[in-house]
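Written below as structure tokens is the structure these notes are about.
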Amino acid sequence: MLAQQVVNGIVLGSIYALSALGFTLIFGAARLVNFAYGEILMLGAFFTLTLMSALGLPFFAALPAGMAATALLSVILFYLTIRPLTRKSYTSLQGELQVILVTLGLLYVLRESAFIIWGSAPRKIEMGISGIVMLGDVVLTRQRLVVILIMAIMVTALYLMLYRTRIGKALRAIAQNREGAAAIGLDGDRIIAFVFAVSGALACVAGSLLGTLYAVEPAMGGAPLLKAFVIVIFGGLGSVPGAIAGGLLLGLIETLAGAYISFAFKDIFTFLLLIAVLLLRPAGLFGRAR
């Protein structure tokens with residue numbers, strides 16, 4: 001039973017890690033907390049579902065199109081709502097508070113818009129993969145195996161983008177010193193817009209995978225946002241390795257707590273972990289004190 005729950009925890013943690021990656025990328029590059037991120041995730045899932053139902057596309061054809069649509073939406077929201085507030089300074093406290101309030105407002109606007117467009121009925125995304133795989137005494141559906149594989153592919157692609165491309169080097173330069181990067185000719189706004197696009201694409205993948213395992217509905221973004229917030233604090237704000245490790249660990253903690261204690265109390269352990277990290281290591285496991 002322990003081995004089975006560990007595998008289940010890795011599957012859930014893979015989705016949590018994908019959810020947190022987009023969230024932490026935005027903070028790492030722009031030092032902004034995007035509270036509308038959960039609703040972007042929800043809309044990404046609905047985009048994938050709509051492409052499948054309206055055009056009859058299979059999941060693996062609809063997902064890239066949904067990622068592109070969500071990335072475009074994220075960039076549009078950045079230029080319309082966040083960029084005007086940060087035009088003068090990315091580092092002022094007033095600007096940070098304004099961004100928090102605006103993204104909180106966006107959260108409700110996007111959620112209510114989803115209720116109007118798609119209604120409140122939960123719907124499931126069909127991946128089109130069936131069957132099981134036996135790993136000793138552990139039973140793993142092929143669909144859950146694909147979830148782990150997709151997470152590994154996305155993490156590898158993100159690593160290659162960050163450390164093997166010019167845009168990745170520019171992004172890391174902006175994250176380390178925005179003023180210094182601007183002094184050598186880097187366009188901070190375009191790079192941060194690119195980060196919002198990547199973040200939106202990752203959110204779409206996470207939301208769509210949640211839709212294949214559970215269901216898609218307009219209020220689904222709240223829980224992933226809270227979990228992403230816990231994960232990036234645990235792993236270290238702005239740390240990509242921290243988001244991956246934190247997501248996997250949180251998935252394991254929740255699954256094991258639910259199996260051996262009670263699923264009604266699994267979230268208690270999530271926030272106990274958050275409190276412990278804030279008290280003992282505020283910068284997170286992979287973060288640096290500032």
Side-chain angles (χ1 to χ4, degrees), residues 10-23 25 36-78 110-111 113-133 140-162 164-165 167 193-221 224 228 244 247:
I10 291 174
V11 173
L12 181 61
S14 297
I15 299 177
Y16 283 168
L18 283 175
S19 302
L21 277 174
F23 192 84
L25 272 177
Y37 183 74
E39 309 318 301
I40 298 295
L41 180 149
M42 172 270 294
L43 289 175
F46 268 116
F47 289 158
T48 300
L49 178 65
T50 301
L51 288 166
M52 293 176 67
S53 59
L55 302 180
L57 296 176
F59 175 77
F60 291 102
L63 182 60
M67 291 170 64
T70 312
L72 178 60
L73 174 65
S74 296
V75 173
I76 291 172
L77 291 176
F78 166 72
L110 296 176
R111 182 181 298 176
S113 298
F115 273 114
I116 294 170
I117 297 171
W118 288 286
S120 59
R123 280 167 280 185
K124 189 175 178 62
I125 295 177
E126 297 296 337
M127 188 180 286
I129 295 176
S130 58
I132 62 172
V133 176
L140 181 65
T141 64
R142 295 181 188 274
Q143 180 174 311
R144 288 176 176 258
L145 192 61
V146 169
V147 169
I148 298 174
L149 180 61
I150 290 175
M151 193 276 282
I153 291 172
M154 298 304 295
V155 168
T156 302
L158 182 63
Y159 173 83
L160 293 175
M161 185 273 291
L162 287 175
R164 294 291 186 271
T165 65
I167 185 68
F194 175 77
V195 171
F196 269 79
V198 174
S199 172
L202 290 171
C204 176
V205 176
S208 300
L209 292 178
L210 280 172
T212 65
L213 297 179
Y214 305 106
V216 179
E217 47 96 14
M220 69 179 288
I244 298 168

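Values reported hereafter were calculated over all heavy atoms of this structure, with side chains retained and with hydrogens, waters and symmetry mates removed.
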Checking Arg123 side chain against Trp118 main chain: does a donor-acceptor pair fall under 3.5 Å?
yes
Tell me every residue that passes side-chain contact (heavy atoms from CB on, under 4.5 Å) with Ala68, counting only those two or more places apart in sequence or in another chain.
none
Are side-chain heavy atoms of Pro122 and Tyr214 found at a separation under 4.5 Å?
no
Closest heavy-atom contact between Met52 and Ala62?
CG-CB, 3.4 Å
Atom CD1 of Ile153 and atom CG of Leu149: how far apart are they, to the nearest 0.5 Å?
4.0 Å
side-chain contact (heavy atoms from CB on, under 4.5 Å) against Ala65, all qualifying residues, sequence neighbours excluded:
Leu51
Pair Phe23-Leu41, side chain to side chain contact (heavy atoms under 4.5 Å, CB included): steps then yes or no:
CA-CA 10 Å; Phe23 192 84; Leu41 180 149; over 6 Å; no
Test Phe47 against Met67 for side chain to side chain contact (heavy atoms under 4.5 Å, CB included), laying out the working first.
CA-CA 8 Å; Phe47 289 158; Met67 291 170 64; over 6 Å; no
Would you find a donor on one side and an acceptor on the other, under 3.5 Å apart, between the side chain of Lys124 and the backbone of Val216?
no
Looking at Leu202 and Tyr37, what are the two nearest heavy atoms and their distance?
C-OH, 4.3 Å
Quick check: closest heavy atoms across Pro224 and Ser19, and the distance to 0.1 Å?
CB-OG, 4.4 Å
So how far is it from Leu72 CG to Phe196 CZ, rounded to the nearest 0.5 Å?
14.0 Å
Nearest 0.5 angstrom please: Ile132 CD1 to Arg144 CZ, how far?
13.0 Å
Is it the case that the side chain of Glu217 and the backbone of Ala219 share a donor-acceptor pair, with hydrogens and angles ignored and the cut-off at 3.5 Å?
yes
Any side-chain to backbone donor/acceptor pair from Thr212 onto Leu209? Under 3.5 Å, distance only.
yes
Hey, mind stepping through Val11 and Ile148 against side chain to side chain contact (heavy atoms under 4.5 Å, CB included) and telling me if it holds?
CA-CA 6 Å; Val11 173; Ile148 298 174; 3.7 Å; yes
Answer whether the closest heavy-atom distance between the side chains of Val198 and Phe194 falls below 4.5 Å.
yes
How long is the span from the CG atom in Leu63 to the CD1 atom in Ile125, to the nearest 0.5 Å?
8.5 Å
Contact between Leu43 and Thr70 at the side-chain level, heavy atoms closer than 4.5 Å - yes or no?
no
Walk me through whether Met151 and Ile15 qualify under side chain to side chain contact (heavy atoms under 4.5 Å, CB included).
CA-CA 7 Å; Met151 193 276 282; Ile15 299 177; over 6 Å; no
Under 3.5 Å, side chain of Ser199 to main-chain N/O of Val195, donor-acceptor pair present?
no
